[in-house]
Amino acid sequence: GENVEQHPSTLSVQEGDSAVIKCTYSDSASNYFPWYKQELGKRPQLIIDIRSNVGEKKDQRIAVTLNKTAKHFSLHITETQPEDSAVYFCAALTGANNLFFGTGTRLTVIP
Amino acid sequence: ETGVTQTPRHLVMGMTNKKSLKCEQHLGHNVMYWYKQSAKKPLELMFVYNFKEQTENNSVPSRFSPECPNSSHLFLHLHTLQPEDSALYLCASSQGADNSPLHFGNGTRLTVT
């Protein structure tokens, strides 16, 4: 099955700085890569996604990049704010339409 | 209102008990999922139901028994669980078309004593 690796496991940044989280996947048939944000005690919520036919997507302060050849994708958050503090999960959708998640990154934005 | 409702929010059960987790989605989705979330582990896919038919059983022990009576409801029946089964159990649904995102419920926090 799909194996999704995510780094780093924890990340602390100063407010206003950028944060980058990286993921790799193993199944070359995977074609959809969402990112979820999970605040403490709450459910994961989709924040952005990218499909295999594009290399980059941006939504305000959040951007994702995808390198299908290298099988890795990244989340970039610019001008970080304290409310960005949460656990972020990357995921990859296999050819069988099952979504497999990375281990998560705990992001802390220091005011 | 998340569109995906899970009950109960918290559950404490002994190893000899039998209990059930319930999930209901109001989004008109065709696919429903059970995920297990443990500390320091990825979200683990357990079961997938597509139009009430189970399409994935990710090597889950038989002490977890899913039931999907219709495309809006999903249950997870629990019996003779172990303490290591304590975790957050998340239900999710999706449209089922390629590249459709998952919508999660708030989860059931299960503690096995």
Side-chain angles (χ1 to χ4, degrees), chain A residues 1-10 21 23-27 29-54 57 59 62 64 66 68 73 86-106, chain B residues 1-7 9-10 21 23-25 27 29-51 53-60 66 87-110:
Chain A
E2 174 68 280
N3 181 37
V4 180
E5 295 190 358
Q6 183 172 347
H7 300 280
S9 57
T10 60
I21 302 171
C23 288
T24 61
Y25 62 98
S26 60
D27 186 352
S30 293
N31 55 13
Y32 172 66
F33 307 92
W35 286 87
Y36 285 82
K37 174 183 180 182
Q38 187 174 27
E39 298 178 38
L40 188 62
K42 297 187 177 182
R43 63 191 171 94
Q45 289 190 279
L46 179 73
I47 55 170
I48 195 167
D49 55 16
I50 190 167
R51 289 163 173 76
S52 59
N53 57 345
V54 298
K57 181 177 178 180
D59 182 3
I62 296 174
V64 291
L66 171 64
K68 283 215 74 179
F73 55 113
V87 179
Y88 291 81
F89 293 95
C90 63
L93 186 73
T94 68
N97 264 354
N98 292 328
L99 199 63
F100 289 88
F101 287 83
T103 48
T105 297
R106 182 172 299 281
Chain B
E1 175 58 50
T2 68
V4 181
T5 305
Q6 286 186 248
T7 55
R9 288 297 306 275
H10 301 273
L21 309 185
C23 177
E24 183 175 1
Q25 59 96 2
L27 301 168
H29 289 166
N30 301 316
V31 188
M32 297 189 76
Y33 308 76
W34 280 117
Y35 279 88
K36 176 184 178 183
Q37 187 173 31
S38 307
K40 299 181 180 180
K41 285 187 178 182
L43 283 155
E44 298 173 69
L45 179 63
M46 299 176 72
F47 301 104
V48 182
Y49 277 83
N50 194 335
F51 285 102
E53 298 296 324
Q54 187 178 122
T55 58
E56 180 78 18
N57 178 337
N58 201 27
S59 302
V60 181
L88 180 69
Y89 289 85
L90 287 159
C91 173
S93 69
S94 74
Q95 187 63 41
D98 286 349
N99 305 334
S100 56
L102 265 61
H103 295 257
F104 284 92
N106 287 319
T108 295
R109 174 69 62 187
L110 174 67

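A note on names: the letters A, B, ... follow the listed sequences, proteins ahead of strands, and every chain is numbered from 1.
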Name the region of B/Leu45, side chain, backbone, both or neither, that has any atom closer than 4.5 Å to a heavy atom of chain A. side chain
Taking side chain as everything from C-beta outward and backbone as N, CA, C, O, which of these in A/Gln38 sits under 4.5 Å from a heavy atom of chain B? Side chain, backbone, both or neither. side chain
Report the distance from atom CG of B/Leu102 to atom CG of A/Asp49, rounding to the nearest 0.5 Å. 11.5 Å
Under 4.5 Å heavy-atom distance to chain A, tell me which part of B/Gln37 shows up: side chain, backbone, both or neither. side chain
So which part of A/Pro44 gets closer than 4.5 Å to some heavy atom of chain B, the side chain, the backbone, both or neither? both
When rounded to the nearest 0.5 Å, the distance separating OG of B/Ser94 from CG of A/Leu46 is 12.0 Å
Less than 4.5 Å to any heavy atom of chain A: does that hold for the side chain of B/Leu43, its backbone, both, or neither? both
Pick one of side chain, backbone, both or neither for A/Leu99, based on which atoms fall under 4.5 Å of a heavy atom in chain B. both
Options A/Phe33, A/Tyr36, A/Phe89, ranked by heavy-atom pairs under 4.5 Å with chain B, top entry: A/Tyr36
